[in-house]
Every structure is written in C-alpha cells, then in structure tokens.
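Proteins come first, then strands; the chains are lettered A, B, ... in the order of their sequence lines, and each starts at number 1.
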Amino acid sequence: MAVQEYDFKAIEAKWQQHWEDNDTFVAPDDSALPKFYCLTMYPYPSGVLHAGHLLAYTISDVIVRQKRMQGFNVMCPMGWDSFGLPAENAAIKEGVPPKENVAANIEVMRGQMRRAGWAFDWSREIATSHPGYYKWTQWLFLKFYENGLAFKKRAPVNWCPSCQTVVANEQVVAGRCERCGTDIEQSDLEQWFFKMSAYAQRLLDGHEQLTGWPDRVISMQKEWIGRSEGARVEFKVAETGDPLPVFTTRPDTLWGVTFMSLAPEHPLIEKLVRGTEREDEVMSTVRDMRKLGTSEREMADLEKRGVWTGCHVINPVNGEKVPLWVANFALMTYGTGAVMAVPAHDQRDFEFARKYELPIRVVIQPEDLALDPDQMTEAYVDAGVMVNSGPFDGRNNFEAIPDICQYLDEHEMGEATVNYRLRDWLISRQRYWGCPIPIVYCDECGEVPVPEDDLPVRLPDRLDDYAPQGKSPLAACDEFVRTNCPRCGGPSRRETDTIDTFVDSSWYFLRYLSARNDEAPFDPKKVGMWMPVDQYTGGIEHATMHLIYFRFFTMVLHDLGLVNFTEPAPNLFCQGMLCKTAYYCPRHKWLHEDDVDRDGPTCCKCGSEVSSEMTKVSKTKLNTIDPDVVLNEHGADAIRLMILSDTPPDRDQPWSEEGLEGAGRFLRRLWYAVHENLDAIKKVAPFEGDPSALEGDDRELCRAVHEAIRSATEDYDQTRHFNTAIARVFELTNAVKSAKEAGPEILRLAYETIVKILAPISPHVCAELWSALEGEGVVVDAPWPECDERALEREEVEVAVQVSGKLRGRVRVPVDAAEDEVKEAALSDDNVSRHLEGKEVVKTIVVPGRLVNIVVR
RNA sequence: GCCGAGGUGGCGGAACAGGCAGACGCGCUAGGUUCAGGACCUAGUGGCCAUUAUGGCUGUGCGGGUUCGAAUCCCGCCCUCGGCACCA
C-alpha cells in the first residue's frame, strides 16, 4: 500500500490555517484552568524578521505549547515596538511617512511569524505607535507628572550630532551613539526626566524576588545601580564661605586630604573665579574639558588634567585650608561633583598630585612597612593603622569608619550616607516618531499638563521634513504646536519633544491584557488574573536598560495604586546569540557563503584561501540568514528542531545547514516510520496496563518510553535544555526500531509518546501524525505524558567491575543482590580474575546497581 | 584592573548527588540498495598499541592535592568569552 508522502509545505500550511480558523491560541480571560502568561520581547518592525527572532520566538513558543499540554491556560501575545529611529530614518531617506512604513512592515512580519508556526494570541496585538496605545503612554506620563516623578531640568546631556537628538547614558557606548556610531558631544538642555534615582534601593532589594532570573543579569543590574556606602562631609570654600559637600567611601582618610577636585561642569566654578586674575585660565581649561562629552570623559585611559581655581576649602575635621582644583576625572553626575583628594590613599589623586606637585600625606600606616610620601610609587589603599588623624590615631582604619561617621554627625560635619550610580532617566527625544509629551506651555499659566479627556495628543500623520535640526521636527509643524491653554484658553505651545521608546516598552505587558480598552490603560481585574508574567524571554542585551526600566515602571504603578505587585516578571530566560560561519577573503573582505568554495575553502572570485569563523550573524560579515528562504526550503518544523537540537538555548547557537538537513531527515524518517506501522497500530489503544507484567521487547520498549518521558519532562520544566529532550526523542525512536517484536499497543504508546514530546518543537508534523494515528482531539491539547515508575523497574542490572579503579569487566546481577553476591559475580569474571592473579585484595567497594571496585596490592 | 561564566573527540554537545567519560546529533569511513545523485539500510568512529580478545596503555586546558575512585571536590596557574571600568 502506498504510504502518504511527507509534504512539509502542505502540512504546515494546513495546520497554520487550522489554528487560525479555530482561534486555537486566543487565550480566554475566563478559563477555569490555571493561567500561564508567557511574555516574549516584542520586535521593532524593521521590515523582515531576522535570525535572532527565529531563535527567540521558537524558545518561547516551545514553552507555550508544552505548558498548554500540561493543562495551563497559556497566553502569549505579540506586538510591535513601532516608534523609534529606524522608521524615522527611513522617512528621512525615502520620504515615506513612518506610519505607512510601519504598517507595511508589520504586515510582512506578521506573515513570517505565522509561517514559523508560533502560537501567538493575535487578538491582543498592539503597536506602540497606534494612538490607542500611546494615548495611555501619555496618560501614564501624566500620572508620573502629577506625583512629581516626571520633571524638567536643565542638564548636561549626551548629544548625537548625527541623530540630532539627546541620547541616554545607557545608549552611549564607548563615547559613541549606540544607534549610529557617531561621537557623542556634550550639551546643556532643558530635558524631561523620570525620577528613577529615587527607586535605586528598591530596584536592588527587588532582586530578591527575581529567583528565576539568570545571575548574570542580576549582577549587571547591581553594577549598573552601583550602590556604595560612605559619608557626606561638609567642606566650605575658604574665600567665600560657599558650602561644598563631598561624598566619600573612605571617611577614614579624611585627615589625609591635601586638595579638592571639582568636576568641570560644577556650577560653583564660574562664581568662584569671576573677576579674579585666574578667571581666563580656569575658564578656558574648563571649557576645553567640557567639550569632551560626559561619557567620553568617563573612558578610563584619558590623561589626568587639572587647573587650580585660586580658591581653597576648609577641611571640617582639622580646619585645614587646602587648594581647590578642577579635575577632568571628577564627574558632575556622581556624588556631589566634588571630590576630596587623598593622594596617599587613592590612586587617581596620587597620580594627580604627582603631576601637579601637590602634597601627599600618609594617614594609614600598614603594619609591615613605613610609608614615606616621597618614596611612594602608588597609593596605599589597604588596611592599616590610622595616624595623623586626631582622635582616631591608632585605630584600624576600616573598623573605625562607623565611629568616624558618628563623629562627623555629632560635630555637624557630615553623616553616613549611601550613594548610587543610577541616575534619573532622561526621556526627552528631539524626534518626530515617538509619543508626544502631553504638556502645553502657556505665557500666562506656564507649564500645563494636557487634561486626561484631551488625550491622546496626536502626532501629525505626515510632515514636510522629518529631519531634526537640533530640535524636534515637530517644532516646525504649526498645526501641532499651536494650541489653546487647557487652563486659561489662551494661545499656547505644545511640548515638541517626544518620549524615549523605552517608556513604551515599560508597560506593554500590561496593555496586552486590555489591548482594546478605551477606558483605561489596563483593566485591574485582568491584571489580577494574568499578572505577574510567568515566563519572560528575551535577549541579554536588554539586561541594564529595558529590564531595569520595566521594573522601575512597575514599582511606580504599584505606588500609584494601579497594580498590586512590584515585580512584573519573576522568571526570565535569556537566549544566546545566533552565530553562523562567516568567511573572510584577504582580497575581497567578508564573503557571502555563495562566494566561497567550501572544499578549500577558497574565494570564488579570486581563488585565495579564505579564513572562517563562527560568529554572531551580522550584515557586515555577510553571514545573515533570511527566514523566508530557510522556511521555504526546509519548513518551520525542521528549522525549529535544528535550532533547539544541539545546544542549550541559553548559549550562543551555531546555525548549521547540515544540522538543518539532518533535522529534516529525522522528521521524514519519523513520518514514514509512523505511516508504515499505521495499519497495525491505528485501531489499537496505547498500552495502559501494568508495565511490570510485560516481557521481552514489549518490556524494553515500554521502559524506553517512560525513561524518555521522565527525562524529557525534566528538561522541559527545569532546565529548558531542549537539546537533551530532543536526544531522548531520538533515543526512543531508535528503541522503537530495535524492538522488532514489540506488540501494537506498546508500539502505539511509543509513537504517541514521540509525537507528544516532539509536538511543542515541531508542531505541524506532530499535529498531522497525531491525526494520522487518530489520536483524541488535536495534539496541541493532548495531555503531556506522565512517567509510570513501574516501567523503569528492572530485575537485573549491569554492574561495572573495576580492579584498583580500572574498568576490567561488567557483570549482570539481580537488582536486589546482596553485596556478597555482587562481589562473587564480579570475581567470577574472566578478565577480572586475570587482573587479580598474584595480588592481595585490600578491600572491595560495592556501589549498588553501579559498580564494584576491588582494590589490590 | 574588578566581577561573572566557561575550557570534554573533526564539530555541536551529554554525564542526576564523587562511581562505566564521550549520551544524542552532525561529519567521516566501509559495505548494501540505486541507472546516477539524493534518500534509505547495516557496521564502525577520542588517541596510541595490539587484533589470540570479553585485550592493553592513555585521555575531560596545565600543575599539584583529597579519595578505593575526580570532567565533577580543594589549592595554584593558563586561556577564551561576557559585563563593568577614573563612580570618589
């Protein structure tokens, strides 16, 4: 009889249609089943899916489908992070309004996602650039504003001359714009901020609840928040009496202060030098220093520079008058922008002091050597005994710190304090394609928030010119800017800055719950039902930005009484990066794989030998993957299987064409194996009796089934190492092949089990095989198989026999054999007894069911 | 410099809790099948030495240690990757 051919294209199309027609993945809000909210980071609609999406969404999809089979009401929504630079850049370049561009891209990408077989609940689809979404982003901004958490201040900012906009510190990498690579400049602008610094400690404390997060993400966030304990000490400018507090983590070195350093941005500088003979020199040096952007100056290898202001400060602990300098390594954005300098015990101060011949005073003496300031080649930063330190002489420096803080407090010189590196979140962007800030400026009333009823403040659909000219392109759009004051009705102007897109993505997980709600950003009942997110998946690149912002947002929403939890997602899974071989020709640089003769490998253009490396897919290295091409050639099931089959998903994934073919071959073999047995097994029920009553191949295959179930379930539920789960499926497939004498019921059990365990990974072919087997219902709703412990029991086990730790044989013994019996069996092995000849047995170790080790002399 | 993760065949990777290293897959080799290619089937596949066999030696980055027994635990190095980096 002719067997049904394996036609993956037809099968995949059929089931995708089936799922869509039946709203299979639309999650009801009123199910009796336990809920499982599976959130996966939504994409920017750039035009086409890229390889990274293939990996990321396959991982979340496998979780979705397996949880569903385990009896959960699973919700996995999808949406679009559709505001932001790429669409706007395309608009500047090609003149297409971002709104149209985004809509077209979404259409294309939604189709690709469908063809990949991902089980998203499209009824909850959102796009952050849709007025129905950004209305509520604005509403939330106003809540922040009303509570003093959104505010404007003049601040030195990172200015990208190419993007013509301000970028956040996090978006500056090595002094360059993260998006376009241009050198960042420094500039002073009125900007909107969110008061994130106020939440620094809570963001740290919250980590305790994030038990399902990778450690590396937690530690990156801890570093980013940068908590340090120390003291605030009240210095004063000697000449003017201006207070000049400093933050220090080393109050034990206070008596060793020999000068002070100010950040070049420090506002006091102008005041102190104005009209003095040092004004010109100081201000020109300061201006020079300020030219280098904030973040560029933070690069460690910059040479230390400074200039004396002509003024002095008074050290409160000893009344000493020490010179006040401006130093390029002092940062206005950390602490108070002023640093007490202790060259003997701080490396930076030491280098500065040596360069400008400033005095060095030792106040911590180590036990084993006597420090001499003239002989020192580096600062001494370790423990020692305090000297020249007034009331604290003779104390161990680190132990004395709490007492020193108390002393400062009692004498009103300062106090113990905690400082954080985390700064307020700068959310203003001078761009068109973002959420407008709902604020109006009125000559009479000043800054006025737009009333809730007037939301959303709509972006104009198109502009004459999208290019920013140092301010938002919206500023040139009269129809947008001109408005009436909501308070007095008089003529007024709208804020033209738009909101950082990281704000959009800080609450999208809540909007999915009420995607079409016109009355509120989210319905508290649905929040109560679905939140928190049970599993969040996404890339590690968001560790310190998005993943801090969305936690901060959630804490604020909690404090405003809008949600009843503080951590949005206690479980986070970060996938690795997708890598593929890239080829490099000495003459033609990076080569596309089609231009490489892989036998050499040599360059097809010039015949030169090419080097190759397995590296992150990127356009520059020409090793990208086009999802359309691979979906068409291999099908979604094979791609999904290949992606997950070799490497644990939290590691970098090597993409391999051979692996892809191998995955396809396995699926085809499975297809034919099931179909060839179909006549025999279709009409029988899978074996459900007592496995211990089985014999021979039936017994062996039944054991293989339950071993696969036990082991694969653990892989799915605990480690998410789908590669080992897939290995169990392969093993079970091999076991079926070996069990030639197995009866139809056991055979059916084995094939059903294979199909079920594989169903989350390669869902289309498994759906079709399930229906060929005439299984109950559809495989997406088949119950996840359970392990029957009885099937795992054995009468006999094979035990390894070692002589002095070296493997010399194996013997079969009854599983419940006594130690003596096992020993006896071990000694009866020919090869073992040969190694015992002429030796004295010192002792014998028996590990039941595993091995015997006979130690000889 | 600081913090973290890791180093196992030609490759991706297994190894529960200190107990048979290399599961599973890819690749490769030989044979079968096929007009041919592909697919499929069978056997083999860490290295070295033997092949009288159910054999021996060696082997998880390097050097020590603990133990009857170490990829796994301890000490000291080396290397790779990731994060942070003038944060007072």
Say you pick atom [atom1] in [N] and the same atom in [M]; how far apart are they, in whole Å?
{"N": "B:rC79", "M": "B:rG61", "atom1": "C1'", "value": "7 Å"}
{"N": "B:rA17", "M": "B:rG46", "atom1": "C1'", "value": "27 Å"}
{"N": "B:rA21", "M": "B:rU8", "atom1": "C1'", "value": "8 Å"}
{"N": "B:rG31", "M": "B:rG25", "atom1": "P", "value": "23 Å"}
{"N": "B:rG59", "M": "B:rG9", "atom1": "C1'", "value": "10 Å"}
{"N": "B:rC26", "M": "B:rU80", "atom1": "C1'", "value": "24 Å"}
{"N": "B:rA23", "M": "B:rG47", "atom1": "P", "value": "13 Å"}
{"N": "B:rC11", "M": "B:rC3", "atom1": "P", "value": "32 Å"}

Practice problem: Determine which nucleotide pairs with B:rG76, using a 3.5 Å limit on both distances of a Watson-Crick or G-U wobble pair. | Solution: B:rC62
Self-check item: B:rG44: pairing nucleotide in any strand, Watson-Crick or G-U under 3.5 angstrom
Solution: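 WC or wobble partner is B:rC28.
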From [atom1] of [X] over to [atom2] of [N], roughly how many Å is that when rounded to an integer?
{"X": "A:Ile540", "N": "B:rG4", "atom1": "CD1", "atom2": "C1'", "value": "11 Å"}
{"X": "A:Lys616", "N": "B:rU80", "atom1": "NZ", "atom2": "P", "value": "21 Å"}
{"X": "A:Ile845", "N": "B:rU67", "atom1": "CD1", "atom2": "C1'", "value": "9 Å"}
{"X": "A:His721", "N": "B:rG25", "atom1": "NE2", "atom2": "C1'", "value": "17 Å"}
{"X": "A:Asp715", "N": "B:rA23", "atom1": "CG", "atom2": "C1'", "value": "12 Å"}
{"X": "A:Ile854", "N": "B:rG69", "atom1": "CD1", "atom2": "P", "value": "15 Å"}
{"X": "A:Met577", "N": "B:rA5", "atom1": "CE", "atom2": "P", "value": "18 Å"}
{"X": "A:Phe722", "N": "B:rG25", "atom1": "CZ", "atom2": "C1'", "value": "18 Å"}

Which nucleotide sits closest to the side chain of [X]: [options]?
{"X": "A:Lys737", "options": "B:rU42, B:rA85, B:rC57", "result": "B:rU42"}
{"X": "A:Thr647", "options": "B:rC68, B:rG56, B:rG12", "result": "B:rG12"}
{"X": "A:His835", "options": "B:rG56, B:rG69, B:rG13", "result": "B:rG56"}
{"X": "A:Arg808", "options": "B:rC68, B:rC57, B:rG12", "result": "B:rC57"}
{"X": "A:Arg651", "options": "B:rG13, B:rG12, B:rC26", "result": "B:rG13"}
{"X": "A:Lys806", "options": "B:rA39, B:rU58, B:rA23", "result": "B:rU58"}
{"X": "A:Lys843", "options": "B:rC24, B:rC68, B:rA21", "result": "B:rC68"}

Quiz item: Counting any heavy atom closer than 4.0 Å, what does A:Asn723 reach on the DNA or RNA strands: base, sugar-phosphate only, or nothing?
Solution: sugar-phosphate
Practice problem: Could you say whether A:Leu851 or A:Pro648 is positioned toward the 5' end of RNA chain B, judged by the nucleotide with the nearest heavy atom to each? | Solution: A:Pro648
Self-check item: 5′-ward residue of the pair A:Glu798/A:Asp652 relative to RNA chain B
Solution: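 Result: A:Asp652.
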Quiz item: Are any non-hydrogen side-chain atoms of A:Leu547 and A:Val217 less than 4.5 angstrom apart?
Solution: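 Of all side-chain heavy-atom pairs linking A:Val217 with A:Leu547, at least one is under 4.5 Å.
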Quiz item: Is the count of non-hydrogen atoms from other residues, nucleotides or ligands lying under 6.0 Å from A:Asp215 atom CG greater than 12?
Solution: no
Quiz item: Would the number of heavy atoms belonging to other residues, nucleotides or ligands and lying under 6.0 Å from CD of A:Glu541 be above 12?
Solution: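 More than 12 within 6.0 Å, yes.
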Quiz item: Has A:Lys304 got its NZ or CZ under 6.0 Å from the middle of the six-membered ring of A:Phe329, at an angle within 45 degrees of the ring axis?
Solution: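 Yes, A:Lys304 and A:Phe329 form such a contact.
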Exercise. Using the side chain to side chain contact (heavy atoms under 4.5 Å, CB included) rule, pick out the option among A:Val246, A:Val342, A:Leu408 that qualifies with A:Leu254.
Key: A:Leu408
Self-check item: Conformer about C1'-N of B:rG65 - syn within 90° of 0, anti elsewhere
Solution: anti
Self-check item: Pair A:Arg227 + A:Glu229: basic N to acidic O under 4.0 Å
Solution: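 Salt bridge: yes.
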Practice problem: Please lay out, stage by stage, how A:Phe259 and A:Tyr356 fare under the test ring pair (Phe, Tyr, Trp, His ring centres under 6.0 Å). | Solution: CA-CA 11 Å; A:Phe259 62 100; A:Tyr356 293 105; 8.9 Å; no
